[in-house]
Every structure is written in C-alpha cells, then in structure tokens.
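As the structure is a computational prediction, the values presented were derived from the model and not from experiment.
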Amino acid sequence: MRLILILAILGLCSSCAFWDHPVDNTVEIGKTIWGSSTRALEAARDKAITKTYDKSYWDTVRSTIAVIEKRKWVIFKKDEIKGYIVVMGVKGAVNTTEIGVFFDELSDTQTRIEISSLSTNAKRKVAHGLFHGLDIAFGYLPPDPPEPVEQPKTPQDATTPTT
C-alpha cells in the first residue's frame, strides 16, 4: 500500500512543470484531489458567456453575490480578490455541477463578468439568471412582478355560495 502511495506521489510530481513551481503545483494537486480546484473552470473561460457592466468591480461583485443568494444557489467557493465565485446547486442541473463566475476589472467604472462551466446547460441557466438579476439590480430592467400567492382551497370554499 505504501509503495502504491509513493509511486502515485512520484508520478504526480515527476513532470517538468511541477518543478517550476512545486509549492503552487502541490497545492493545486491537493485542490484537484479534494475537489475544489478552479482549473477546469478557468480553462473553460474561452467558451464563457460574458457581459460587461458600466459599474465598478466591487459594486459588481457585491451585486452578484446578492443575486446568487436571492436565487438560492450555493456559493461553493469565492475569492473576491482573485475575482471569482464558484456556484453550485442550480435548479435543473446536476446538484454538484460547478459554474464559475469570473470578474475582470476593465476600468474603474467597467467590469466584465464571464460565466464558465463544463456543463453548457448549467452555464446558460446561470448566465440568464445572473445577468437578468444584475440588470434589475443596476436599474437596466424594471423589477420582476411578485409571484402571486395562491390560497389553499378548502372543500367549504367550493360549496359556500357567494352573496
């Protein structure tokens, strides 16, 4: 068992790229094994759905977090300094599907958001919901009308004559 573990570690560490930055790569290997690496989401950014807002970086990040919480998605991981949030728990997608929300500060008053995922369906759902929520938050769209609350019908309501 020890031999297998040692061979696995040596195999992971044997590439030339590993030795260029051994500490960073050891951390990334650990994150990959643990399941919290953003490497795949970052690699998928070339196919991301993007939108640019004429808002500051921090206003955009704060509003994005508010929209995510309102939609009841799960923030699996976030690093506001590095500019990303990993979202899970999107209705209609597999519960463990990770969706990356990346922020690029283009200027003091302009921020681009990129939505990436290995699941095209989840990426589209988050992009639609997030961008719609941000458009409302930033005043580009009017608020959605409140959903009507239906009162439960009782058997008495059906037989009671109205006067």
Side-chain angles (χ1 to χ4, degrees), residues 8 11-12 15 17 24-158:
L12 290 172
S15 72
D24 294 339
N25 289 323
T26 303
V27 170
E28 190 61 31
I29 289 169
K31 288 179 180 179
T32 301
I33 293 168
W34 176 254
S36 65
S37 175
T38 58
R39 187 182 333 166
L41 295 173
E42 289 175 15
R45 286 177 75 176
D46 62 335
K47 296 176 187 143
I49 300 172
T50 65
K51 188 163 185 176
T52 301
Y53 286 97
D54 291 328
K55 298 292 179 183
S56 73
Y57 176 85
W58 290 107
D59 285 343
T60 305
V61 170
R62 279 191 290 272
S63 295
T64 297
I65 292 170
V67 170
I68 289 169
E69 290 172 350
K70 183 176 181 181
R71 297 227 174 237
K72 297 184 175 143
W73 296 333
V74 176
I75 296 177
F76 175 65
K77 185 177 179 185
K78 74 176 174 177
D79 189 328
E80 296 157 328
I81 303 300
K82 291 183 179 178
Y84 70 84
I85 300 173
V86 178
V87 176
M88 295 172 68
V90 176
K91 192 174 183 178
V94 176
N95 210 24
T96 57
T97 301
E98 296 179 357
I99 303 96
V101 180
F102 295 91
F103 304 92
D104 286 324
E105 184 176 24
L106 304 176
S107 70
D108 288 345
T109 59
Q110 200 171 49
T111 305
R112 180 177 55 231
I113 298 177
E114 299 177 356
I115 311 295
S116 74
S117 179
L118 300 180
S119 166
T120 304
N121 183 43
K123 173 175 61 175
R124 287 181 183 154
K125 285 180 182 286
V126 169
H128 180 266
L130 180 61
F131 294 154
H132 181 76
L134 287 173
D135 288 346
I136 292 170
F138 293 145
Y140 301 137
L141 290 177
D144 289 335
E147 294 182 20
V149 178
E150 292 186 28
Q151 298 296 326
K153 294 184 180 182
T154 62
Q156 291 175 345
D157 291 339

Q) Roughly how far apart are Thr60 OG1 and Gln110 CD, rounded to 0.5 Å? A) 10.0 Å
Q. Say you draw a straight line from CD1 of Ile68 to NZ of Lys78; how long is it, rounded to the nearest 0.5 Å?
A. 9.0 Å
Q. Does any N or O in the side chain of Asp79 come within less than 3.5 Å of the main-chain N or O of Ile81, such that one atom is a donor and the other an acceptor?
A. yes
(Q) Between Ser56 and Asp59 (side chain of the first, backbone of the second, donor and acceptor by atom type, cut-off under 3.5 Å), is there such a pair? (A) yes
Q: Going by the side chain to side chain contact (heavy atoms under 4.5 Å, CB included) test, name the single residue among Arg71, Lys125, Lys72 that passes it with Val90.
A: Lys125
Q.
Working to the nearest 0.5 angstrom, can you tell me the gap between Thr38 OG1 and Ile85 CD1?
A. 13.0 Å
**Q.** Residue among Ile99, Val101, Val87 satisfying side chain to side chain contact (heavy atoms under 4.5 Å, CB included) with Trp73
**A.** Val87
Q) Taking the six-membered ring for Trp, are Tyr140 and Phe138 parallel (under 30°), tilted (30 to 60°) or perpendicular (over 60°)? A) perpendicular
Q) Do side-chain atoms of Thr52 reach the backbone of Arg112 as a donor and acceptor pair under 3.5 angstrom? A) no
Q | Approximate separation, where rounding is to 0.5 Å, of Ile113 CD1 and Leu130 CG | A | 5.5 Å
Q | Minimum side-chain heavy-atom gap Phe102-Ile115 below 4.5 Å | A | no
Q. What's the spacing between Thr64 OG1 and Glu69 CD if we round to 0.5 Å?
A. 11.0 Å
Q: Taking the side chain as every heavy atom from C-beta outward, state whether Glu114 and Phe103 have any atom pair closer than 4.5 Å.
A: no
(Q) Once rounded to the nearest 0.5 Å, what's the spacing between atom CD of Glu105 and atom NZ of Lys55? (A) 15.0 Å
Q) Just by modelled atom types, is the Glu98 backbone N or O under 3.5 Å from a matching donor or acceptor in the Ser117 side chain? A) yes
Q.
For a quick test of reading the model, state the closest non-hydrogen atom pair linking Thr97 to Ser119 and the distance between them.
A. CG2-CB, 3.7 Å
Q) Has Arg45 got more than 12 heavy atoms of other residues, nucleotides or ligands less than 6.0 Å from its CZ? A) yes
Q | Expected output: side-chain Lys123 to main-chain Lys47 donor-acceptor under 3.5 Å | A | yes
Q) Is Thr111 close to Trp58 at the side-chain level, that is, under 4.5 Å between some pair of heavy atoms? A) no
Q: For residues Lys51 and Leu134, determine if any side-chain heavy atom of one lies less than 4.5 Å from a side-chain heavy atom of the other.
A: no
Q.
Just so I know, are the side chains of Val86 and Ile75 near enough to count as touching, which here means a heavy-atom distance under 4.5 Å?
A. no
Q. Is the closest side-chain donor-acceptor distance between Tyr53 and Asp135 under 3.5 Å?
A. yes
Q) Passes side-chain contact (heavy atoms from CB on, under 4.5 Å), Asp108 versus Tyr57? Steps please. A) CA-CA 7 Å; Asp108 288 345; Tyr57 176 85; over 6 Å; no
**Q.** Closest non-hydrogen atom pair, Leu118 against Ala44
**A.** CD2-CB, 4.4 Å
